[in-house]
Amino acid sequence: MSLDLQKLASFAKEQGFIYPGSELYEGIGGIYDYGPLGVELKRRIADLWWRAMVQLHENIVGLDAAILMHPRVWEASGHVEAFHDPLVDNKVSKKRYRVDTLIEEYAQRLEERAHKEVEKKLRKAGLPPEKAKEEVEKHKDYQRAQSLRARLAEAMAKKDWPALTALLEEEKIPCPESGSTEWTPVRQFNLMFSTHLGAVAEEAQEIYLRPETAQGIFVDFPLVLKTARLKVPFGIAQIGKAFRNEIVARQFIFRMREFEQMEMQFFVPPGTEGQWYEYWKEKRLRWHQHLGLRPEYLRFKDHEHLAHYARAATDIEFAFPFGFREIEGIHSRTDYDLSRHAQFSGKKLEYYDESQGRSYVPYVIETSAGLDRLVLAHLSHGYSEELAPTAEGGQELRTVLKLHPLLAPIQVAVFPLIRKEDFVQKARALYEELRFYFLTAYEEKDSIGRRYRRYDAKGTPFAITIDGQTLEDETVTIRDRDTLQQIRLPMAQVRAYLAEKFDVAQWLRTL
RNA sequence: GCGGGAGUAGCUCAGCCGGUAGAGCAUCAGCCUUCCAAGCUGAGGGUCGCGGGUUCGAAUCCCGUCUCCCGCUCCA
């Protein structure tokens, strides 16, 4: 775990995987661009996800919903409420809190204190505990707690942040950490990006860029159900961009403001969600493993605090250079989303189950993977510096990106051993042919060893060299990126050899 | 937002106490090379983050500002 992010970011930039966004203009925080190699890596990951989910399951269909959705969608989903937190910083402890939880917790402490004191008092006076409620309600701390709650509720309802600032000040609410009562003004943080629908400024309506792709699936659920002739259990899969105004976007492309999700919502009869949850947990872990992420780099992390709509939730975590972090979430979401949309839209979002002879709102198992996080996972997992033999018989460091062959941005490189006309001609001819089938590169500059190393760093799994012997018997060498071993093959068999190495169907069978 | 660090060529960096920019790698052109990078020749590339000040003169000193990185806070 010695690889630091700085170095990886630098490597990714230099090789053309990932660039800082808008670098020409000093950059823009938390935004990154995918360069020539990065875009290949990313779309290969996405493609293999799509094949594993949609192509391989007759009961999973694809969808590409719009980024812009009706504003009511985000009220129904709970995002408008959840993503607009008023926050405040304590000037002494430098800690940041949500104002509502800060005040609520303080009120709770006051109440507890009131209860304790009353209990003590009653015991001393030998009075029966039945008097407790009455006594507590008379207690000044209890009364203060109630008044705090009332003022909090009123200010929250009106989104009156200055009133909350005043409340903190007047009531001398202390910081749980430092006890300090010095606060910055209350500010609202909006985690959703807003924009305007409608070209005429005055008539434009404020809408949001989606903070997650899932809602597109729920909103289109009835249409998909009607047009795709599906029966539960079935799934809807989608890959697309989502946007969040993260307070701090950090750790390279791990947390970005514009990111891409690969989500699948699986609709099941209520009562069967448990087994499907287990099914998808296992299925998704396998997919990651089969793309080359070693088992010890992956783990499940169950959520301890479940969201109100969730039955169960777990994350698949990957060992990034900065620790184990989520790359995919598998959630049992009950019928919460569909029910909310039914409620907000006034339409029925039910499924008629012939086997049960009744209609119901299906339960949902969600698998939600972060595409950019997977790119980062494969880059950091594959990056390695190791000793390799040199021409002089010594050892030297080589940088190699050990990507799974199916993810390689350049699948095969073709080199003439030396830059002489007959070598070059043969190599060019092979390149011209192979490119119809594979992402192929041709390179004749520099010494052969140097070219091997250059493509090692790009993650190219195979390098083919045309040498003196090729001119005599039409055989070439194929070098393996990871083992450095070479085999010699008739040129006519190269395509078949590579086709087998890059056989997606074969890979899908292993899932 | 707070605290810390940093901004000089695509990358990694040098440039001491101020005298109008350098190295290695990379890139391009050519030479040389018969299997694991850093041989040869030549070329391109930098308003030294930006603005202001001090000075005869600033990458170098002072002030301001922006951006990036790390930590904290946040993360349905």
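First the proteins, then the strands, lettered A, B, ... as listed; each starts at 1. Nothing here was measured: the structure is a model prediction, and the numbers come from that model. What you see below is based on every heavy atom in this structure, not just the backbone, and it leaves out hydrogens, waters and symmetry mates.
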message = Over 60° means perpendicular and under 30° means parallel, so tell me whether A:Tyr431 and A:Tyr442 are parallel, tilted or perpendicular.
response = tilted
query = Angle class for the A:Phe221/A:Phe267 ring planes (parallel below 30°, perpendicular above 60°, tilted otherwise)?
reply = tilted
Checking all strands, does [X] fall into the base, sugar-phosphate, or nothing category for heavy-atom contacts under 4.0 angstrom?
X        : value
A:Gln486 : base
A:Lys13  : sugar-phosphate
A:Thr477 : base

Nearest-angstrom distance from the residue atom [atom1] of [X] to [atom2] of [N]:
X        : N     : atom1 : atom2 : result
A:Ile466 : B:U33 : CD1   : P     : 20 Å
A:Gln15  : B:U12 : CD    : P     : 13 Å
A:Arg451 : B:C32 : CZ    : C1'   : 13 Å
A:Lys445 : B:C40 : NZ    : P     : 18 Å
A:Arg419 : B:C28 : CZ    : P     : 10 Å

What nucleotide among [options] has an atom nearest to a side-chain atom of [X]?
X        : options             : value
A:Arg479 : B:C36, B:U27, B:C35 : B:C36
A:Arg255 : B:C11, B:C75, B:U27 : B:C75
A:Ser10  : B:A37, B:U12, B:U34 : B:U12
A:Tyr32  : B:C69, B:C75, B:U12 : B:C69

inquiry  = For the residue pair A:Arg451 and A:Phe415, would you count it as a cation-pi contact if the rule is NZ or CZ under 6.0 angstrom from the ring centre and within 45 degrees of the ring axis?
reply    = yes
key: Ring-face cation of A:Lys281 near A:Phe300 (centre distance under 6.0 Å, axis angle within 45°)   = yes
Expressed as a whole number of Å, how far does the [atom1] atom of [N] sit from that of [M]?
N     : M     : atom1 : result
B:U8  : B:C40 : C1'   : 30 Å
B:C61 : B:C16 : C1'   : 15 Å
B:U12 : B:G51 : C1'   : 29 Å

request  = Classify the side chain of A:Arg244 versus the base of B:A76 as yes if they form a donor-acceptor pair under 3.5 Å and no if they do not.
outcome  = yes
note = Here the salt bridge (Lys or Arg N to Asp or Glu O under 4.0 Å) pairs for residues 411-424 of chain A, sequence neighbours left out, are A:Arg419-A:Glu444
inquiry  = Which is more 5' along RNA chain B, the nucleotide nearest A:His331 or the one nearest A:Glu14? Just name the residue.
reply    = A:Glu14
